[in-house]
Amino acid sequence: MGSRNNVTYFVLLGLTQNPKEQKVLFVLFLFIYLLTLVGNLLIIVTIAVSKTLNSPMYFFLASLSCMDVTYSTSITPKLISELLFGEKHLSFESCMTQLFAEHLFAGSGVFLLLVMAYDRYVAICKPLHYLVIMRQRVCVVLLLLSFVGGFLHSVIQLSTIYGLPFCGPDVIDHYMCDMYPLLELVCSDTYVIGILVVANGGLICTIVFLLLLISYGVILHSLKNLSQEGKRKALQTCGSHITVVVCFFVPCIFMYARPAKTFPNDKLLSVFYTIITPMLNPLIYSLRNSELTNAMKKLSRGNIISHIK
């Protein structure tokens with residue numbers, strides 16, 4: 001622990017050192033972040049005030065939107081600040097806080113996507129028992145378990161990296177604090193630590209991704225028993241879920257289900273699942289879900305107070 005004190009702050013190199021490119025990226029990421037906030041908050045408000053969107057699926061969707069907002073907020077504002085002001089220094093404590101927050105909300109989102117797949121499985125494969133199985137208390141417990149899973153994942157990641165000796169250099173070739181770039185700066189053997197990080201990150205992502213693929217495969221196979229209208233609605237909801245799953249898990253698996261070392265394209269991949277995906281989620285769900293789209297239209301034509309009343 002004593003050697004760690006040799007590094008009290010880190011320097012984030014960011015995405016580019018070119019001032020013109022930084023200005024362009026500042027405008028781009030500011031727009032994306034605002035779109036992420038507006039899109040996800042619109043989903044949360046619409047579900048909260050709409051009397052028709054009271055099923056467990058929308059409860060979990062609103063929770064996912066909330067996680068997207070907090071996950072994006074743990075990363076994007078710092079990046080925007082770096083691009084605008086050029087302030088690349090980050091204290092050790094701030095770096096660890098960002099690391100904890102990003103893994104907390106990303107990990108919770110991973111487990112919540114698994115819960116959402118289970119919800120769709122029960123709704124489509126066991127429709128007569130759906131309201132009994134997915135009653136309100138069960139939904140709240142499943143949401144809390146998702147948070148607990150994300151919290152444990154984040155605590156393990158933080159405890160793994162916090163006590164390691166950082167003796168210098170203090171330059172992180174990234175725009176955020178993350179496990180693999182930080183392990184590059186550790187001045188001791190990180191082989192065992194790297195295996196733990198892969199197990200707690202890449203292995204979890206891979207297992208959850210496979211479980212999601214299997215669950216949606218079972219769901220799609222069971223669609224033959226539904227009517228044409230039932231198939232259409234099921235394909236709408238499952239299609240949006242599968243799109244979100246692929247957009248998030250594929251880059252995450254590439255990033256974390258491998259030996260603990262960095263590659264040149266890591267930053268671009270990180271941009272996709274840390275900044276782009278939280279923006280895409282509300283677009284994917286709203287465009288492919290007619291009930292949600294209609295509720296948004298009603299909300300835009302009226303006002304929130306009248307909906308609440």
Side-chain angles (χ1 to χ4, degrees), residues 40 43-44 47-48 52-68 70-71 103-154 200-226 230-250 252-253 257 273 277-278 280-282 284-286 288-289 291-292:
N40 283 290
I43 286 181
I44 294 170
I47 293 174
T52 59
L53 305 180
N54 54 6
S55 68
M57 179 182 76
Y58 293 108
F59 170 74
F60 293 130
L61 178 55
S63 301
L64 182 65
S65 290
C66 187
M67 289 182 188
D68 281 339
T70 50
Y71 178 54
H103 281 275
L104 169 64
F105 298 119
S108 299
V110 164
F111 294 115
L112 182 57
L113 287 172
L114 194 59
V115 169
M116 292 173 74
Y118 174 71
D119 170 71
R120 289 301 82 205
Y121 167 78
V122 176
I124 295 171
C125 299
K126 300 179 183 295
L128 298 179
H129 304 285
Y130 179 63
L131 294 178
V132 176
I133 296 174
M134 299 302 294
R135 54 191 182 275
Q136 185 177 22
R137 182 179 298 179
V138 173
C139 293
V140 173
V141 169
L142 289 174
L143 178 62
L144 290 176
L145 287 176
S146 299
F147 273 109
V148 170
F151 178 78
L152 292 176
H153 162 74
S154 188
N200 189 44
L203 185 61
I204 290 176
C205 278
T206 304
I207 291 174
V208 172
F209 183 59
L210 291 176
L211 289 174
L212 287 169
L213 291 181
I214 293 170
S215 64
Y216 283 117
V218 172
I219 291 171
L220 293 175
H221 182 263
S222 67
L223 293 183
K224 61 184 180 181
N225 300 322
L226 300 180
K231 287 180 181 179
R232 185 186 65 81
K233 288 186 176 181
L235 286 173
Q236 278 184 343
T237 56
C238 290
S240 58
H241 287 195
I242 292 170
T243 305
V244 169
V245 165
V246 171
C247 287
F248 182 81
F249 278 93
V250 170
C252 276
I253 290 172
Y273 71 83
T277 299
L280 290 179
N281 285 355
I284 293 170
Y285 282 113
S286 59
R288 297 185 64 91
N289 189 310
E291 287 184 342
L292 182 60

Self-check item: Test log, rule side chain to side chain contact (heavy atoms under 4.5 Å, CB included), inputs V122 and H129
Solution: CA-CA 8 Å; V122 176; H129 304 285; 5.9 Å; no
Quiz item: So how far is it from T277 OG1 to I284 CD1, rounded to the nearest 0.5 Å?
Solution: 7.5 Å
Quiz item: Does the side chain of V110 reach to within under 4.5 Å of the side chain of F248, using non-hydrogen atoms?
Solution: yes
Practice problem: For residues T206 and A257, report the shortest heavy-atom separation together with the two atoms involved. | Solution: OG1-CB, 3.8 Å
Quiz prompt | 4.5 Å side-chain heavy-atom contact, L143 and V115 | solution = no
Quiz prompt | Under 3.5 Å: donor-acceptor pair, side chain of S154, backbone of G150 | solution = no
Quiz item: Step by step, would you call M134 with F59 a side chain to side chain contact (heavy atoms under 4.5 Å, CB included)?
Solution: CA-CA 11 Å; M134 299 302 294; F59 170 74; over 6 Å; no
Quiz item: For P278, does its backbone N or O pair with a side-chain atom of N40 as donor and acceptor, under 3.5 Å?
Solution: yes
Quiz item: Roughly how far apart are F249 CZ and L210 CG, rounded to 0.5 Å?
Solution: 10.0 Å
Quiz item: Are any of the side-chain heavy atoms of Y121 and S215 separated by less than 4.5 Å?
Solution: no
Quiz item: To the nearest 0.5 Å, how far apart are NZ in K126 and CG in L131?
Solution: 15.0 Å
Quiz item: Can you check whether Y58 reaches I43 side chain to side chain, under 4.5 Å on heavy atoms?
Solution: no
Practice problem: Please say whether more than 12 non-hydrogen atoms of neighbouring residues, nucleotides or ligands are located less than 6.0 Å from OH in Y216. | Solution: yes
Quiz prompt | Heavy-atom closest pair, residues L212 and L114 | solution = CD2-CA, 3.7 Å
Quiz item: Does L61 reach the side chain of L292, with side-chain heavy atoms less than 4.5 Å apart?
Solution: yes
Quiz item: Looking only at atom types and distance, does a side-chain atom of T70 sit under 3.5 Å from a main-chain N or O of M67, one as donor and one as acceptor?
Solution: yes
Exercise. Hey, could you give me the CZ/CG distance between F111 and L152, rounded to the nearest 0.5 Å?
Key: 8.0 Å
Quiz item: Which atom names give the shortest non-hydrogen contact between C125 and P127, and what distance separates them?
Solution: C-CD, 3.4 Å
Quiz item: Do L142 and D119 touch side chain to side chain, with heavy atoms closer than 4.5 Å?
Solution: no
Self-check item: F151 atom CZ, neighbour heavy-atom count above 12 within 6.0 Å
Solution: no
Exercise. Kindly indicate whether the side chain of P56, heavy atoms from C-beta on, has any atom under 4.5 Å from the side chain of Y130.
Key: yes
Quiz prompt | Separation of L144 CG from S108 OG (nearest 0.5 Å) | solution = 10.5 Å
Self-check item: Minimum-distance pair of heavy atoms, taken over all atoms of Y273 and C252
Solution: CD1-SG, 3.7 Å
Self-check item: Atom pair CG (L64) and CD1 (I44), whose distance is rounded to the nearest 0.5 Å
Solution: 9.5 Å
Exercise. Look only at the side chain of H153 and the backbone of G201, and say whether a donor-acceptor pair between them is shorter than 3.5 Å.
Key: no
Exercise. Could you check if a side-chain atom of L113 sits within less than 4.5 angstrom of a side-chain atom of M116, using non-hydrogen atoms only?
Key: yes
